[in-house]
Amino acid sequence: MAAFPLMLPGTSRPPKLVVFDLDHTLIACDATILWTEFLYEKKIVTDPIWRQYDRDMVKSYAKGVLDIRDFCRKHAGAFRSIPEEKLHALAQEFAKKKIAPLIFPDGKKWAKNALQANIPACVLSASAAFIVKPIAKLFGLTDAMGIELAFKDGFCTGEIVGIPTFQEGKVERLSQRLDEAGIGFEDVLFFTDSRNDLPLAERAGYTVCVNPDAVLESAARKNGWKVAEWKLSLRTQMTAQVDAKGVPETQTVRS
């Protein structure tokens with residue numbers, strides 16, 4: 001078993017759980033928005049309204065007024081007619097073809113560090129769980145939490161089941177997991193890029209801020225958190241820009 005390369009501050013012990021945000025933390029994109037583009041590419045949707053919903057979401061998110069339940073209802077309209085089994089198959093394809101090239105090498109390294117040190121690790125994301133789970137497997141992680149959407153008669157309704165893993169909801173969902181495992185928040189190492197994750201960042205034993213937004217970077221300086229700059233290779237960056245087809249406007253979203 002390999003030693004974990006980071007000890008929790010003020011202690012001589014490694015974390016008991018490593019938690020990774022997904023979008024713009026482990027991967028250089030927003031999975032929800034790229035999923036929308038994937039549906040356009042597959043000719044499953046053609047109406048421009050789905051891109052408009054994404055743009056509206058970005059604006060609300062930036063203002064801190066995003067209604068996550070309302071957005072999920074609207075966003076699910078793009079795939080509401082797809083049977084559940086096919087939807088999961090598409091999510092697998094999406095992860096392998098669209099997300100895999102956008103994995104930050106450092107993200108994969110830290111996931112591997114946890115696995116080699118036999119430390120439990122999970123992905124905790126505000127993207128839909130059916131998208132998050134196959135992406136987590138690209139990192140060798142089988143424990144992944146995202147927003148759980150309801151299915152009725154084999155089709156997604158867009159309604160959220162339980163507590164959404166968004167903002168304070170991430171703390172609540174993780175708290176349930178920690179209670180089951182007998183682990184305290186002080187034993188958690190958290191990786192994130194976004195101010196929307198401040199509720200969890202402030203509860204965790206230590207937070208690593210990956211390419212943080214301005215608000216999170218300010219909090220990092222105040223709290224003594226590590227700020228990390230993770231990049232794709234230059235070749236991958238160039239390829240991603242070509243594939244984006246004008247989507248970068250919405251790819252600034254952080255969750």
Side-chain angles (χ1 to χ4, degrees), residues 19-23 26-27 29-47 49-61 64-96 98-99 122-138 141-180 194 196-197 199-200 250 253-255:
V19 178
F20 297 96
D21 172 50
L22 180 62
D23 301 334
L26 288 177
I27 58 177
C29 67
D30 183 286
T32 298
I33 294 172
L34 205 58
W35 168 254
T36 301
E37 293 307 310
F38 178 69
L39 296 180
Y40 278 112
E41 183 180 304
K42 301 289 276 187
K43 308 299 183 185
I44 292 172
V45 297
T46 56
D47 193 321
I49 189 63
W50 312 114
R51 285 193 179 113
Q52 185 59 52
Y53 286 153
D54 283 347
R55 294 189 182 97
D56 291 344
M57 180 266 288
V58 171
K59 293 176 183 177
S60 296
Y61 187 97
V65 295
L66 177 63
D67 183 334
I68 192 66
R69 293 183 183 275
D70 180 64
F71 172 70
C72 284
R73 289 188 197 102
K74 290 178 178 177
H75 184 253
F79 50 87
R80 192 171 283 128
S81 63
I82 303 174
E84 184 174 4
E85 184 176 349
K86 183 178 179 181
L87 189 65
H88 287 295
L90 283 169
Q92 294 279 354
E93 180 185 352
F94 168 70
K96 292 176 182 178
K98 298 300 180 180
I99 298 298
C122 74
V123 173
L124 181 59
S125 172
S127 290
F130 78 88
I131 296 174
V132 173
K133 292 176 181 179
I135 295 175
K137 290 181 179 178
L138 298 176
L141 303 178
T142 57
D143 189 1
M145 290 184 283
I147 291 181
E148 296 288 350
L149 298 178
F151 285 81
K152 183 178 180 181
D153 299 326
F155 297 89
C156 183
T157 69
E159 296 298 326
I160 293 175
V161 178
I163 300 168
T165 46
F166 179 63
Q167 296 178 338
E168 187 66 36
K170 285 191 176 183
V171 176
E172 296 181 56
R173 287 284 299 278
L174 186 61
S175 180
Q176 296 171 352
R177 184 67 56 87
L178 294 177
D179 288 344
E180 293 170 1
S194 174
N196 281 282
D197 285 336
L200 179 52
T250 56
V253 107
R254 297 172 179 268
S255 59

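Basis for what follows: all heavy atoms, side chains included, without hydrogens, waters or symmetry-related copies.
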Quick check: do T157 and L149 have side-chain heavy atoms less than 4.5 Å from each other? no
Value rounded to 0.5 Å, distance of OG in S127 from NZ in K133: 13.5 Å
Is the Lys NZ or Arg CZ of R80 less than 6.0 Å from the centre of F155's six-membered ring, within 45° of the axis? no
Using every non-hydrogen atom in the two residues, find where C156 and L87 come nearest and quote the distance to one decimal. CB-CD2, 4.5 Å
Report yes if some heavy atom in the side chain of L34 is under 4.5 Å from a heavy atom in the side chain of I99; otherwise report no. yes
Does any non-hydrogen side-chain atom of F79 lie less than 4.5 Å from one of L39? yes
W50 versus G77, closest heavy-atom pair with distance: CH2-C, 3.3 Å
E41 CD to F94 CZ distance, which is reported to the nearest 0.5 Å: 10.5 Å
Whether over 12 other heavy atoms sit under 6.0 Å from D179 CG: yes
Could you state the interatomic distance from NE2 (H88) to CD1 (I131), rounded to the nearest 0.5 Å? 11.0 Å
Please round to the nearest 0.5 Å and tell me the distance separating atom CD1 of I160 and atom CZ of F71. 10.0 Å
Do you know which two heavy atoms are closest between A126 and I147, and how far apart they sit? O-CD1, 3.2 Å
Between R69 and G162 the two heavy atoms that sit nearest each other are NH2-O, 3.4 Å
Please report the shortest heavy-atom distance between L138 and A95, naming the atom on each side. CD1-O, 3.4 Å
For a side chain to side chain contact (heavy atoms under 4.5 Å, CB included) check, start with the C-alpha distance between V132 and M145, then their side-chain angles and the critical distance, and finish with the verdict. CA-CA 7 Å; V132 173; M145 290 184 283; over 6 Å; no
Will you find, in the side chains of H75 and T32, an N or O donor that is under 3.5 Å from an N or O acceptor? no
Any donor-acceptor pair under 3.5 Å linking the side chain of D30 with the backbone of I33? yes
With side chains defined as the heavy atoms from C-beta onward, is the minimum distance between F38 and I44 less than 4.5 Å? no
Under 3.5 Å donor-acceptor, Y40 side chain and D47 backbone: yes
So, S60 side chain and D56 main chain: donor-acceptor pair closer than 3.5 Å or not? yes
State whether the side chain of K170 and the backbone N or O of L124 hold a donor-acceptor pair below 3.5 Å, judged by distance alone. yes
Shortest non-hydrogen pair, A91 vs P134, comes out as O-CG, 3.9 Å
With distance as the sole test, does R173 use its side chain to make a donor-acceptor pair with the main-chain N or O of I163 at under 3.5 Å? yes
Nearest 0.5 Å, what's the CZ-CG distance between R177 and D143? 4.0 Å
Using a 3.5 Å distance criterion without hydrogens, assess whether the side chain of T165 forms a donor-acceptor pair with backbone atoms of S125. yes
Considering the options K42, K98, R51, which one meets the salt bridge (Lys or Arg N to Asp or Glu O under 4.0 Å) requirement together with E37? R51
Yes or no on side chain to side chain contact (heavy atoms under 4.5 Å, CB included) for V123 and I135, after CA distance, side-chain angles and deciding distance? CA-CA 9 Å; V123 173; I135 295 175; over 6 Å; no
Could you check whether the rings of F151 and F130 sit parallel, tilted or perpendicular, using 30° and 60° as the cut-offs? perpendicular
Contact check, side chains of C122 and L141, non-hydrogen atoms, under 4.5 Å: no
Distance in Å, L90 CG paired with I82 CD1, rounded so as to fall on 0.5 Å steps: 5.5 Å
